[in-house]
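The basis for the numbers below is simple: all heavy atoms, side chains too, and nothing from hydrogens, waters or symmetry mates. For ligands, and for the atoms within them, numbers begin at 1 and follow the listed sequence. All residue numbers in this chain count up from 1 along the given sequence.
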Amino acid sequence: MAKKGRSRRRPDRRASDDSFDRLLSGWRRTEVRRGSEWSVQPVGPGRSDKPYTCPGCGRAIEPGVAHLVTWREDGVLGARADLEARRHWHSHCWNIF
Ligand SMILES: [Zn+2]
């Protein structure tokens with residue numbers, strides 16, 4: 001009896017959660033930094049209402065200041081965990097990271 005190889009469908013890794021989709025709906029881009037893929041989403045002026053600490057320089061990003069939100073695309077814990085671990089950066093700090 002001949003065995004037939006069954007072709008398995010690869011599951012789509014993309015999560016389909018409402019808030020997740022909404023966060024991703026902006027003009028996001030993917031960049032490679034230090035061998036990893038990162039999602040980079042700009043936050044426009046006036047779009048944030050609390051201060052963040054930039055991991056690049058350790059200084060505050062004042063509320064309302066345009067900056068970038070980044071998160072890893074290739075984390076082992078999955079897209080949602082990556083998104084929850086997102087970081088806020090000054091645009092210029094991200095560029096020299
Ligand atoms: Zn910074």
side-chain hydrogen bond (donor to acceptor under 3.5 Å, both in side chains) contacts in which one or both residues fall within residues 43-70, not counting sequence neighbours: H67-H88, T70-W89
Distance from S91 atom OG to I96 atom CD1, nearest 0.5 Å? 11.5 Å
With 2.8 Å as the threshold, which protein atoms of type N, O or S lie near the Zn ion (ligand 1)? Leave waters out. C54 SG, C57 SG, H90 ND1, C93 SG
Can a salt bridge be assigned to the pair R29 and E31 using a cut-off of 4.0 Å between side-chain N and carboxylate O? yes
Check whether W94 forms a cation-pi arrangement with R33 (NZ or CZ under 6.0 Å from the six-membered ring centre, at most 45° off the ring normal). yes
Residue pair R28 / V69, side-chain heavy-atom distance below 4.5 Å: no
Rounded distance [0.5 Å steps], CG in D82 versus CH2 in W38: 9.0 Å
